[in-house]
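This report refers to the structure that appears directly beneath it.
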Amino acid sequence: VQLQASGGGLVQAGGSLRLSCAASGRTVSTYDMAWFRQAPGKEREFVAAITWSGGTTYYVDSVKGRFTISRDNAKNTMYLQMNSLKPEDTAVYYCAADSRLVAGALVNNPGLGMDHWGKGTLVTVSS
């Protein structure tokens, strides 16, 4: 599975961006998927996860109510809609996929290894 994240860019605080994660190589319709981010000088952190069916989603507290994770299995693509962006959301955002049912475990175990990772896309939020 190859994952490609896109949609990052420069946005003012309060603005919105929509990230996409396109999968290729095989279908990820049975894979749980997630977004992570890494800010400059900080460790990578879990942001959001979605079960293979899209039926359940999970978020880190700092993005609840502002970010929405979704997926379109017909398009083999996952999304992250980011609204009300803050400067502290500035980071490189990575998408990941795993064949195990890990979405719910990531909230409390963000260091849980994921099978597949994409290259990141940079999100910069100016104040």
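These values consider heavy atoms only, across backbone and side chains, with no hydrogens, waters or symmetry-generated copies. From a predicted model like this one, the values you see are computed outputs, not experimental measurements.
Within the 4.5 Å cutoff, the side chain of Ser16 has heavy atoms near those of the Gln81 side chain. The shortest side-chain heavy-atom distance between Asp72 and Tyr79 falls under the 4.5 Å cut-off. Residues Leu106 and Phe36 form a side-chain contact, since some pair of their non-hydrogen atoms from C-beta on lies under 4.5 Å apart. Between Met114 and Tyr31, every side-chain heavy-atom pair lies at or beyond the 4.5 Å cut-off. Annotation: side chain of Leu3 is in contact with side chain of Met33 (closest heavy-atom distance under 4.5 Å). Residues Trp35 and Met78 have side chains in contact (heavy-atom distance under 4.5 Å, counting atoms from C-beta outward).
No donor-acceptor pair closer than 3.5 Å links the side chain of Ser29 to the backbone N or O of Thr27. Judged by distance alone, the side chain of Arg71 and the main-chain N or O of Thr51 form a donor-acceptor pair under 3.5 Å.
Note: Thr57 OG1 to Ile50 CD1 = 6.5 Å, rounded to the nearest 0.5 Å. Note that CG of Leu85 and CD of Gln12 are 11.5 Å apart. Values are rounded to the nearest 0.5 Å. Separation of atoms OH (Tyr93) and OG (Ser6) is listed at 14.5 Å; rounding is to 0.5 Å. Distance CD/Gln4 to NZ/Lys119: 7.5 Å, rounded to 0.5 Å.
Lys86 and Asp89 are not joined by a salt bridge, as no carboxylate oxygen comes within less than 4.0 angstrom of a charged side-chain nitrogen.
Among Ile69, Val63, Leu17, the single residue meeting the side-chain contact (heavy atoms from CB on, under 4.5 Å) criterion with Leu80 is Ile69.
Contact between Val28 and Asn76 at its shortest, heavy atoms only, is N-OD1, 2.9 Å. A pairwise comparison of heavy atoms in Leu10 and Ser126 identifies CD1-CB, 4.3 Å as the closest pair.
In this structure, Tyr94 and Trp117 have perpendicular ring planes: the angle between them is above 60°, well past the 30° mark.
Trp52 and Val1 fall into different hydrophobic clusters, defined by Ile, Leu, Val, Met, Phe, Trp and Tyr side-chain heavy atoms under 4.5 Å apart, directly or through other members.
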